[in-house]
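Input: a single structure, listed below in C-alpha cells.
First listed ligand is number 1; within each ligand, the first listed atom is number 1. Hydrogens, waters and symmetry mates are skipped; everything else that's a heavy atom, side chains included, is used.
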Amino acid sequence: MAIKRPKGTEDHLPAGSPKLTLDVSAQAHAWLVQTARGVLERAGAQRMDTPLFEEAELVKRGVGGSTDIVRKEMFTVYYFGDHGGYILRPEGTAGLVRAYLQNGLKQLPTPLKLWTHGPMFRAERQQRGRLRQFHQVDYEVLGSADALVDAEAIALMVQVVQALGLQGVRVKLGSIGDPEDREAYNEYLRGVFTPHLDALSEDSRDRLNRNPMRILDSKSEDDQALMARLGVRPMLDFLGQEARTHFEAVQRYLDTWDVAYDLDPSIVRGLDYYRRTAWELHHEGVGAKSALGGGGRYDGLAQELGSKEPVPGIGWAFGVERLLLALEAEGRALPAPEGPLLYVAALDEQNVGYAATVALGARRVGRAEFAYRALKPGTAFRDAERRGAHLVALIGSQEVEGDTLSIKNLVTGTQTSVHTRDLHTFLQGQLTQNPQEHA
Ligand code: AMP
C-alpha cells in the first residue's frame with residue numbers, strides 16, 4: 001500500500017500542482033514569510049532560529065504543565081539509547097528566551113527585537129486550520145516592560161496583515177494584570193464556581209483546582225452557558241493600579257496610531273509568567289474559535305527558565321496556515337509562478353551542451369533554463385511558454401558559428417540578435433524594463 005503523509009500534516013506544493021490552494025502552496029508560504037520579514041526587519045527585528053526539538057522540561061516550564069499542549073499534545077522525540085526527554089517544539093517563545101539567556105544576548109542593545117519562522121508541532125485533533133505540524137511567524141521583544149513596546153508589537157501585527165492585503169481582521173485586546181491581580185481574580189472565580197461544581201465539565205473542575213482562570217478558556221458549551229448564567233465578572237475588573245495604568249497607556253498609543261481594536265475581557269492566558277497585555281487577531285473567514293495569531297507580555301518567563309534576574313518580554317505568533325486561509329476566504333488568488341527570464345533550446349543534438357552553457361552563464365544575471373535535448377522550434381516555444389519564460393533563444397549551427405544569439409521576447413514578440421559577449425548587458429537591460437520579475 002502506498003505510504004501517505006501523517007495525519008495533520010501538509011505538503012507544500014510547487015506552482016502548477018493539481019488542486020493547489022494558497023494554504024498548501026510552497027510559493028504562497030514563502031511569499032507570506034517574506035512579507036512579514038519585510039515589516040519586522042524594517043522595525044529593527046533580527047532573525048534568530050532555535051532547534052525544532054528542545055528539552056521536555058523547557059516546554060513544560062515554558063508552556064505550563066497544566067495546559068492541553070503539555071498534557072495531551074506533545075510529540076516526544078526518541079532516538080537510539082536516548083532518555084526520550086526531548087519534545088518537538090509546540091511554539092517558539094520558550095526556545096527563543098532559552099537561547100537569549102544561554103547565549104548572553106542580554107549584552108545586545110535593549111530592547112532586543114527578534115523574529116523567527118518555522119514549523120511547530122501539537123498533536124491536536126485535525127480540523128480546518130488546525131494541524132499537527134503548522135507554521136508560525138514569531139516576534140519577540142526582550143528587555144523592556146514599557147507599554148510602548150506592547151503597542152508597537154500589536155501595531156506590527158496589524159502592519160503584517162495590511163502588507164498581506166488582508167481586510168477583515170479584528171484585534172481583540174485585553175489585560176490579565178499582575179500576578180497579585182490574578183490571584184484576587186482566581187479567588188473570586190473559586191468563590192463563584194465552587195457552589196456549581198456539578199455543572200462544570202471534568203476539565204474545568206480540574207482547572208478550578210489548578211488555575212481557575214483557565215475555565216474561561218473552556219471549549220465546553222455547557223461551561224460557557226454556565227458562565228453566562230452566573231454573570232462571571234471579567235479579569236479587567238480586577239486590574240490593580242499599575243496594570244491599569246499600563247493598559248491605558250497601550251490603548252493611548254494604539255489610538256494615536258489609529259490602530260483599531262476591541263476590548264475583549266474574555267482573553268485569558270492562564271500561565272503564571274504572563275503579565276498584563278494579551279491580545280488576539282481574528283478573521284471571519286477562519287472562524288471565531290481560530291485566531292490568526294495572538295500575543296502577550298511574559299515578564300516572568302525568563303526566571304521560570306532559570307534566569308537569576310528578571311527579563312521582561314513580550315511576543316506574538318501568527319499561524320501561517322490561518323493567514324493563508326483568511327486570504328483564500330477574501331478571494332486572494334495564488335501568486336503567479338515566476339518563470340525564467342531566459343529559456344535556451346538547441347535545434348540540433350550536437351548543440352544541446354552549448355545551449356546549456358549559455359543558460360548557465362545567464363544565471364549570473366537572472367533565472368535561466370535550458371532544454372535537455374534538441375527541440376523543434378514549435379516545441380521549444382510551447383515548452384518556454386508553459387514555464388512562463390520571458391525570453392527564448394533557439395540555437396542552431398549558425399548561432400554557434402557566429403557567436404550570436406537570436407532572442408525572442410515572448411511578451412512583445414520582438415526578435416533581437418545579441419552577441420554572446422553582450423548577453424549579460426542585454427539581460428540586465430531586460431530586468432530594468434521588468435523590475436517586478438526576478439525581484
Ligand atoms: P498560540 O501559540 O497557541 O498562541 O498560537 C498562536 C497562533 O498559532 C494561533 O493564533 C494560530 O494562528 C496558530 N496555531 C496554533 N495552533 C495551531 C494548529 N494546531 N494548527 C494551525 N495553527 C495553529
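- Numbered from 1 in the order shown, with element, the atoms of ligand 1 that lie under 4.0 Å from a heavy atom of G293 read 10 (O), 12 (O).
- Close contacts between ligand 1 and L292 involve ligand atoms 10 (O), 12 (O) [criterion: under 4.0 Å to a heavy atom].
- Inclusion of E124 in the set of residues having an N or O under 3.5 Å from an N or O of ligand 1 is warranted.
- Rounded to the nearest 0.5 angstrom, E321 CD and Q133 CD are separated by 8.5 Å.
- The shortest N/O to N/O separation between A317 and ligand 1 does not fall below 3.5 Å.
- If you look at L281 next to ligand 1, there are no close heavy atoms at all, none under 4.0 Å.
- Of the charged side-chain nitrogens involved, none lies within less than 4.0 Å of a carboxylate oxygen, so that R205 and D203 do not count as a salt-bridged pair.
- The shortest N or O to N or O distance between F134 and ligand 1 is not under 3.5 Å.
- By the 30° and 60° cut-offs, the orientation of the rings of Y274 relative to Y298 is perpendicular.
- Aromatic ring orientation, Y372 versus F370: tilted (interplanar angle from 30° to 60°).
- Of the N and O atoms on the side chains of S307 and E309, not one donor lies less than 3.5 Å from an acceptor on the other residue.
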Exercise. Would you sort out whether H283 and E330 count as a side-chain hydrogen bond (donor to acceptor under 3.5 Å, both in side chains), showing the intermediate values?
Key: CA-CA 10 Å; H283 187 277; E330 290 192 2; 2.8 Å; yes
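- Ligand 1 has no N or O atom lying under 3.5 Å from any N or O atom of F318, backbone or side chain.
- Using cut-offs of 30° and 60° on the angle between ring planes, the pair H29 and H135 is perpendicular.
- Within ligand 1, counting atoms from 1 as listed, the ones closer than 4.0 Å to a heavy atom of L131 are 18 (C), 19 (N), 20 (N), 21 (C).
- Note that K408 lies outside the cation-pi zone of Y343, set by a 6.0 Å cut-off to the ring centre and a 45° limit from the axis.
- Residue contacts with ligand 1: R122 is placed with a nitrogen or oxygen under 3.5 Å of a nitrogen or oxygen of the ligand (distance criterion only).
- The backbone and the side chain of R130 each have at least one atom closer than 4.0 Å to an atom of ligand 1 (non-hydrogen atoms only).
- Counting the atoms of ligand 1 from 1 in the order shown, those under 4.0 Å from a heavy atom of A291 are 9 (C), 10 (O), 11 (C), 12 (O).
- The side chain of Q136, and not its backbone, has at least one atom closer than 4.0 Å to an atom of ligand 1 (non-hydrogen atoms only; side chain from C-beta on).
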